[in-house]
**Student:** 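My questions all concern the structure below.
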Amino acid sequence: MNIELIKTELAQRVEQLVITRKTGKKATMKVVHKVKTWSDKVAETEDLIHKVYHTLHEVLQQNGIHFKNEIEKETFVNFMEPTVNDLVIKNMID
């Protein structure tokens with residue numbers, strides 16, 4: 001398993017995900033500029049976190065990486081957490 005390759009692929013997929021999200025929101029923002037509440041921002045961030053982890057699982061599956069058990073999987077996910085956090089912070093929408 002090439003972890004750097006997985007990190008790179010994950011970063012590219014997350015950037016594409018964010019581009020898709022921003023493109024979809026631009027059309028509605030032209031009509032109405034909605035002021036987001038703190039809870040809206042938190043919900044958007046939580047949604048992004050879930051999508052990044054979902055994307056990580058997709059990248060692992062597409063690269064044929066399977067874990068022997070849940071403990072091994074959780075260990076890897078915990079190892080990837082700093083990368084996931086960096087990606088989320090980098091791609092949060094203000």
Side-chain angles (χ1 to χ4, degrees):
M1 166 177 16
N2 185 337
I3 293 175
E4 290 306 314
L5 179 65
I6 291 169
K7 287 180 181 181
T8 301
E9 187 174 340
L10 178 62
Q12 291 170 345
R13 301 253 325 255
V14 169
E15 286 177 21
Q16 188 60 45
L17 173 70
V18 171
I19 289 169
T20 303
R21 287 177 68 196
K22 286 182 181 177
T23 305
K25 289 186 178 187
K26 283 184 181 178
T28 58
M29 289 177 66
K30 290 179 183 177
V31 177
V32 176
H33 179 70
K34 180 183 173 190
V35 177
K36 294 179 187 176
T37 65
W38 180 253
S39 60
D40 290 339
K41 290 180 181 182
V42 169
E44 281 185 1
T45 302
E46 287 177 354
D47 181 54
L48 179 58
I49 291 168
H50 289 291
K51 287 181 180 180
V52 171
Y53 275 111
H54 179 76
T55 303
L56 173 60
H57 290 287
E58 286 178 352
V59 168
L60 292 173
Q61 285 180 336
Q62 289 175 351
N63 284 285
I65 297 170
H66 302 282
F67 298 99
K68 295 176 188 171
N69 54 46
E70 283 299 312
I71 294 171
E72 187 179 62
K73 181 179 178 182
E74 278 300 312
T75 301
F76 180 77
V77 169
N78 289 336
F79 174 78
M80 291 293 292
E81 190 171 1
T83 301
V84 169
N85 290 341
D86 289 344
L87 290 169
V88 168
I89 291 167
K90 178 182 173 187
N91 292 293
M92 284 174 49
I93 300 172
D94 292 330

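This structure is a prediction, so every number in the text was calculated from the model and none was measured. All residue numbers in this chain count up from 1 along the given sequence.
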**Student:** Quickly, which of E72, H66, E70 forms a side-chain contact (heavy atoms from CB on, under 4.5 Å) with K68? Name it, please.
**Tutor:** E72
**Student:** Measure the spacing between NZ of K73 and CD1 of I71 and express it to the nearest 0.5 Å.
**Tutor:** 13.0 Å
**Student:** Evaluate K51 against V14 for side chain to side chain contact (heavy atoms under 4.5 Å, CB included), listing each step before the verdict.
**Tutor:** CA-CA 8 Å; K51 287 181 180 180; V14 169; over 6 Å; no
**Student:** Going only through I, L, V, M, F, W and Y residues with side-chain contacts under 4.5 Å, is there a path from V59 to I65?
**Tutor:** yes
**Student:** Would a single hydrophobic cluster contain both V88 and V42, if residues Ile, Leu, Val, Met, Phe, Trp and Tyr are joined by side-chain heavy-atom contacts under 4.5 Å?
**Tutor:** no
**Student:** Around H54, counting heavy atoms of other residues, nucleotides and ligands shown, do more than 12 lie under 6.0 Å from its NE2?
**Tutor:** no
**Student:** Are I3 and L60 linked, directly or through other ILVMFWY residues, by side chains that come within less than 4.5 angstrom of each other?
**Tutor:** yes
**Student:** Please list every donor-acceptor pair under 3.5 Å in which a side-chain atom of residues 6-13 meets a protein atom from a residue at least two apart or in another chain.
**Tutor:**
residue: T8; atom: OG1; partner: E4; partner atom: O; Å: 2.9
residue: E9; atom: OE1; partner: N63; partner atom: ND2; Å: 3.1
residue: R13; atom: NH1; partner: Q62; partner atom: OE1; Å: 3.1
residue: R13; atom: NH2; partner: E58; partner atom: OE1; Å: 2.4

**Student:** With rounding to the nearest 0.5 Å, note down the distance linking CD1 in I49 to CG in L87.
**Tutor:** 11.5 Å
**Student:** Can I get a per-line list of side-chain donor-acceptor pairs under 3.5 Å for residues 78-86, giving both atom names and the distance, sequence neighbours left out?
**Tutor:**
residue: N78; atom: ND2; partner: E74; partner atom: O; Å: 3.3
residue: N85; atom: ND2; partner: E81; partner atom: O; Å: 3.4

**Student:** Heavy-atom distance under 4.5 Å between the side chains of F67 and T75, does that happen here?
**Tutor:** no
**Student:** Report the distance from atom CD of E46 to atom NE2 of H50, rounding to the nearest 0.5 Å.
**Tutor:** 6.0 Å
**Student:** With rounding to the nearest 0.5 Å, note down the distance linking CG in N91 to OG1 in T45.
**Tutor:** 11.5 Å
**Student:** To the nearest 0.5 angstrom, please state how far the CG atom of L48 sits from the CG atom of L17.
**Tutor:** 6.5 Å
